[in-house]
S.K.: 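My questions all concern the structure below.
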Amino acid sequence: MKAITMILLTVFLGKSCTNEAQNDINTAVIQYAADSRGYHLKIIITNQTATISQGRSTENRPEQIKISDADWKALVDAFAKVNLETLPQLKDPTQKRFYDGAAIANLKVRYQEKNYETTDFDHGNPPAEIEKLVNKIVSLAQTKE
């Protein structure tokens, strides 16, 4: 009887944690930007929608796409593992952006009326703590092409 109770409790708590993460990302605004002299990418994610801007010219208007359920689940999982309070202290693994070897990238999150922002890092090589989230965000722009 105790085993059944523990299993049911585990299943129930697991689902409520997933729902909490879902609610967390539903109320957040996530922005990823990467810029260099010849490259511009800006992705803003709000409530299962991504607004993607590529290029600086006025001809390249931002495009809105609905994020698929599978991609949204991956984003929810990755977002749940990020400690927002530590974003400003994350260390960049490489510095290729200092000699134009990579675009300058950063991640901003607005959550519960607070802003969180990373220091700059190389596009394509984010800090390990946010790597899954950043790679998933960037993949949304690549699937749009």
Side-chain angles (χ1 to χ4, degrees), residues 6-145:
M6 292 302 287
I7 291 171
L8 290 175
L9 190 58
T10 303
V11 169
F12 175 73
L13 289 177
K15 286 189 178 192
S16 69
C17 289
T18 302
N19 290 340
E20 251 178 59
Q22 177 81 23
N23 291 337
D24 285 350
I25 199 168
N26 281 338
T27 61
V29 177
I30 302 169
Q31 176 182 308
Y32 176 81
D35 287 293
S36 70
R37 282 187 248 177
Y39 181 79
H40 173 76
L41 174 66
K42 185 175 184 180
I43 304 168
I44 300 172
I45 296 174
T46 54
N47 202 12
Q48 207 164 349
T49 302
T51 304
I52 302 168
S53 303
Q54 294 184 343
R56 290 186 183 90
S57 81
T58 55
E59 295 172 10
N60 296 332
R61 295 183 178 235
E63 183 178 340
Q64 249 188 2
I65 62 168
K66 182 178 181 332
I67 301 171
S68 72
D69 291 339
D71 285 339
W72 185 249
K73 182 179 179 341
L75 275 171
V76 168
D77 292 344
F79 183 77
K81 294 176 183 168
V82 172
N83 181 351
L84 296 175
E85 297 294 332
T86 63
L87 281 185
Q89 290 86 33
L90 297 179
K91 299 291 182 213
D92 53 341
T94 59
Q95 289 85 31
K96 292 180 182 178
R97 65 192 176 282
F98 294 144
Y99 58 85
D100 290 339
I104 300 168
N106 67 20
L107 180 72
K108 298 177 184 177
V109 178
R110 177 136 179 95
Y111 177 65
Q112 293 183 343
E113 304 302 318
K114 288 179 77 178
N115 293 321
Y116 304 92
E117 184 175 356
T118 63
T119 56
D120 292 340
F121 56 89
D122 293 345
H123 174 62
N125 199 4
E129 297 86 349
I130 59 171
E131 186 173 15
K132 285 185 179 180
L133 178 62
V134 168
N135 289 343
K136 187 45 140 174
I137 292 169
V138 172
S139 75
L140 296 173
Q142 293 168 345
T143 58
K144 176 195 91 71
E145 296 173 346

S.K.: Ignoring hydrogens, what is the shortest heavy-atom contact between Asp92 and Phe121? Give both atom names and the distance.
M.R.: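 Closest approach of Asp92 to Phe121, heavy atoms only: CB-CB, 3.8 Å.
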
S.K.: Which pairs with one or both residues in residues 118-129 pass salt bridge (Lys or Arg N to Asp or Glu O under 4.0 Å), sequence neighbours excluded?
M.R.: Arg97-Asp122

S.K.: Would you say the side chain of Ile25 lies within less than 4.5 Å of the side chain of Leu75, judging by non-hydrogen atoms?
M.R.: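 The answer is yes, as the side chains (C-beta and beyond) meet within the 4.5 Å cut-off.
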
S.K.: Do the non-hydrogen side-chain atoms of Glu117 and Asn106 ever get within less than 4.5 Å of each other?
M.R.: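 Yes, their side chains come closer than 4.5 Å.
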
S.K.: Between Asp77 and Lys81, does any side-chain N to carboxylate O distance fall below 4.0 Å?
M.R.: no

S.K.: Rounded to the nearest 0.5 Å, how far does CD of Gln112 lie from CG of Leu84?
M.R.: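 Those atoms lie 9.0 Å apart.
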
S.K.: To the nearest 0.5 Å, what is the distance between CD on Glu63 and OG1 on Thr51?
M.R.: 9.5 Å

S.K.: Show me the donor-acceptor pairs, under 3.5 Å and distance only, between side chains in residues 130-137 and residues at least two apart or in other chains.
M.R.:
{"unit_1": "Asn135", "atom_1": "ND2", "unit_2": "Glu131", "atom_2": "O", "d": "3.3"}
{"unit_1": "Lys136", "atom_1": "NZ", "unit_2": "Asp71", "atom_2": "OD1", "d": "2.8"}

S.K.: Enumerate the residue pairs fulfilling salt bridge (Lys or Arg N to Asp or Glu O under 4.0 Å) with a member in residues 104-113, sequence neighbours excluded, ordered by first and then second residue.
M.R.: Arg110-Glu113

S.K.: How far apart are the closest heavy atoms of Ile52 and Leu140, and which atoms are they?
M.R.: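 The pair with the smallest heavy-atom distance is CD1-O, 3.8 Å.
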
S.K.: To the nearest 0.5 Å, tell me how far Gln95 CD sits from Ile104 CD1.
M.R.: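 Answer rounded to 0.5 Å: 12.0 Å.
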
S.K.: For the pair Thr118 and Tyr32, evaluate side chain to side chain contact (heavy atoms under 4.5 Å, CB included) and give the outcome as yes or no after the intermediate values.
M.R.: CA-CA 10 Å; Thr118 63; Tyr32 176 81; over 6 Å; no

S.K.: What's the spacing between Lys96 NZ and Ser36 OG if we round to 0.5 Å?
M.R.: 14.0 Å

S.K.: Could you tell me which residues satisfy side chain to side chain contact (heavy atoms under 4.5 Å, CB included) with Glu85, sequence neighbours excluded, listed by chain and number?
M.R.: Asn83, Lys114, Tyr116

S.K.: Ring-plane angle category for Tyr111 and Phe79, please: parallel below 30°, perpendicular beyond 60°, tilted otherwise.
M.R.: perpendicular

S.K.: Heavy atoms, side chains only, cut-off 4.5 Å: are Leu87 and Val109 in contact?
M.R.: yes

S.K.: For a quick test of your reading: what N or O donor-acceptor pairs under 3.5 Å do the side chains of residues 38-47 make, sequence neighbours left out?
M.R.:
{"unit_1": "Tyr39", "atom_1": "OH", "unit_2": "His123", "atom_2": "NE2", "d": "3.4"}
{"unit_1": "His40", "atom_1": "ND1", "unit_2": "Asp35", "atom_2": "OD1", "d": "2.5"}

S.K.: Excluding sequence neighbours, so at least two apart, what forms side chain to side chain contact (heavy atoms under 4.5 Å, CB included) with Lys66?
M.R.: Gln48, Asp69

S.K.: Taking all non-hydrogen atoms of both residues into account, name the closest pair between Pro88 and Thr119 and its distance.
M.R.: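 Shortest heavy-atom separation between Pro88 and Thr119 comes out as O-CG2, 3.5 Å.
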
